[in-house]
Number of protein chains: 2
Amino acid sequence: MARTAGSHSDITGPRVLKAALQLFARHGFAAVSMRQIAAQVGVQAGALYNYIPDKQTLLFDLMRTHMEELLSAWQDEAGADTAPARLERFTRFHIRYHLERPDEVFVSYMELRNLTPDNFSVIEALRRRYEDQLEAILRDGAQSGDFDVPDPKVATMAVIAMVTGVTTWYRTAGRLTVDEVQEIYWQMVRKGVSA
Amino acid sequence: MARTAGSHSDITGPRVLKAALQLFARHGFAAVSMRQIAAQVGVQAGALYNYIPDKQTLLFDLMRTHMEELLSAWQDEAGADTAPARLERFTRFHIRYHLERPDEVFVSYMELRNLTPDNFSVIEALRRRYEDQLEAILRDGAQSGDFDVPDPKVATMAVIAMVTGVTTWYRTAGRLTVDEVQEIYWQMVRKGVSA
DNA sequence: GTCTATACCTGGATAGAC
DNA sequence: GTCTATCCAGGTATAGAC
């Protein structure tokens with residue numbers, strides 16, 4: 001396909017998303033200007049609007065994409081098995097997946113307030129679908145007697161908060177590998193819900 | 001004391017802090033304007049500067065006050081005892097204290113990015129001092145054989161994240177009392193670090 | 001597809017009257 | 001202590017040339 005010399009739409013589009021993601025994660029959505037994003041991409045502010053309709057939609061698309069990919073990745077990994085085996089798989093998956101995407105996680109978690117009500121509802125529904133995956137595991141294990149979980153809803157929130165928390169302190173250059181972190185957290189989760 | 005008719009400095013000052021706290025918690029520091037704060041207080045924007053030097057200092061003061069009061073409240077409650085007893089006290093204290101101050105917690109947690117580097121260092125040091133309280137308990141319990149905690153630093157972050165997470169979902173109007181939530185979380189913490 | 005230029009608005013903060 | 005008025009920097013988004 002012949003293209004105009006200055007045409008880079010196939011490459012600039014993703015770069016806009018990536019720059020926005022990094023800047024939103026670092027400074028927060030409201031604190032980042034379109035001019036900053038443009039500077040990071042290496043274009044002028046006006047050029048951004050060839051790729052995104054507005055700043056709000058940019059945030060929404062980043063968050064929706066992240067949540068949909070998270071759900072899809074878990075669907076690929078989840079399988080039929082005993083509740084304890086599924087819980088271990090969920091715990092390790094969640095930690096690995098989130099540590100591999102610190103910016104996406106941070107933005108999707110911190111910028112809910114900056115979504116319009118309609119966009120917020122969409123993201124919330126996706127988040128809820130993900131949490132439901134864990135809740136189902138805990139319910140199954142409680143019913144089978146493998147777990148002692150008096151309130152599966154609360155236990156779900158507790159486990160999710162705990163494992164998501166790794167993203168606030170883990171650094172690749174630190175003393176622990178991802179495998180070691182997964183193991184430590186899995187032992188705490190396992191014991192925490194044990195019968 | 002005789003006062004000018006329009007003088008309300010003794011009451012307006014705290015109202016500025018409270019309005020700012022609420023708005024920052026709801027919409028985020030960067031998304032809230034001084035004019036919004038002034039409107040909530042019922043004054044004009046210029047009048048705010050009788051009480052605060054600038055917006056950054058306003059945020060910093062809110063966060064520092066919260067962290068200092070948190071530390072001080074825990075000092076009042078902490079006491080010499082076995083590690084398991086101190087861990088239970090810490091868990092219940094943390095949940096109760098945080099649920100009683102959702103706005104302070106949210107702001108102190110979400111707005112770290114919007115502090116200047118100097119202010120950030122101060123808040124981080126206070127946060128670290130609080131986390132050290134829990135870490136000391138976990139180390140003591142590991143040494144005494146009461147806990148099985150292979151990595152006290154990681155366990156500290158895991159427990160803190162878990163119990164702080166209640167603030168994201170707990171609603172006073174919901175089906176659970178604070179006491180019930182404390183009990184559920186305490187059982188998970190207790191089992192999670194158990195030998 | 002990107003640029004320059006700009007419209008239009010809202011931001012934080014200050015000055016000076018009352 | 002609060003108001004009105006205002007400065008000026010910076011925000012999002014658009015228009016039209018290239």
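This one's a predicted model, so the numbers in the text were calculated from it and none came from an experiment. In what follows, every chain begins at residue 1, and chains take the letters A, B, ... in the order their sequences are listed.
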K.L.:
Counting side-chain heavy atoms from C-beta on, which of dG12(C), dC3(D), dT12(D) comes nearest to A47(B)?
P.N.:
dC3(D)
K.L.:
Rounded to the nearest Å, what distance is computed from the CE atom of residue M34(A) to the C1' atom of nucleotide dC9(C)?
P.N.:
16 Å
K.L.:
Would you indicate whether K18(A), at its atom NZ, is surrounded by more than 12 heavy atoms from other residues, nucleotides or ligands within a distance under 6.0 Å?
P.N.:
no
K.L.:
Compute the centroid of each ring, for F106(B) and then for H66(B), and state whether the two points are separated by less than 6.0 Å.
P.N.:
no
K.L.:
Rounding to a whole Å, what distance do you find between D54(A):CG and dT14(D):P?
P.N.:
8 Å
K.L.:
For Q44(A) and dG16(D), give me the distance from atom CD to atom C1', rounded to whole Å.
P.N.:
16 Å
K.L.:
If only side-chain N and O atoms of S33(A) are considered, is one of them under 4.0 Å from the OP1 or OP2 phosphate oxygen of dG11(D)?
P.N.:
yes
K.L.:
Per the atom types in the model, does the base of dG10(D) pair as donor or acceptor with the side chain of R35(A) at under 3.5 Å?
P.N.:
no
K.L.:
Distance check needed: dG1(C) C1' versus I52(A) CD1, whole Å only.
P.N.:
15 Å
K.L.:
Atom CG of L23(B) and atom P of dG12(C): how far apart are they, to the nearest Å?
P.N.:
12 Å
K.L.:
Do the ring planes of F93(A) and F90(A) sit parallel (below 30°), tilted (30 to 60°) or perpendicular (above 60°)?
P.N.:
tilted
K.L.:
Base, sugar-phosphate, or nothing for V41(B), non-hydrogen atoms under 4.0 angstrom?
P.N.:
nothing
K.L.:
Rounded to whole angstrom units, what separation is found between the CG atom of N50(B) and the C1' atom of dG1(D)?
P.N.:
6 Å
K.L.:
Does a side-chain N or O from T12(B) land closer than 4.0 Å to OP1 or OP2 of dT2(D), or not?
P.N.:
yes
K.L.:
Separation of Q56(A) atom CD from dT12(D) atom P, in whole Å?
P.N.:
13 Å
K.L.:
Whole angstrom is fine here: how far is it from OH in Y49(A) over to P in dA5(C)?
P.N.:
19 Å
K.L.:
Which of these passes side-chain contact (heavy atoms from CB on, under 4.5 Å) with M63(A): N119(A), L115(A), N114(A)?
P.N.:
L115(A)
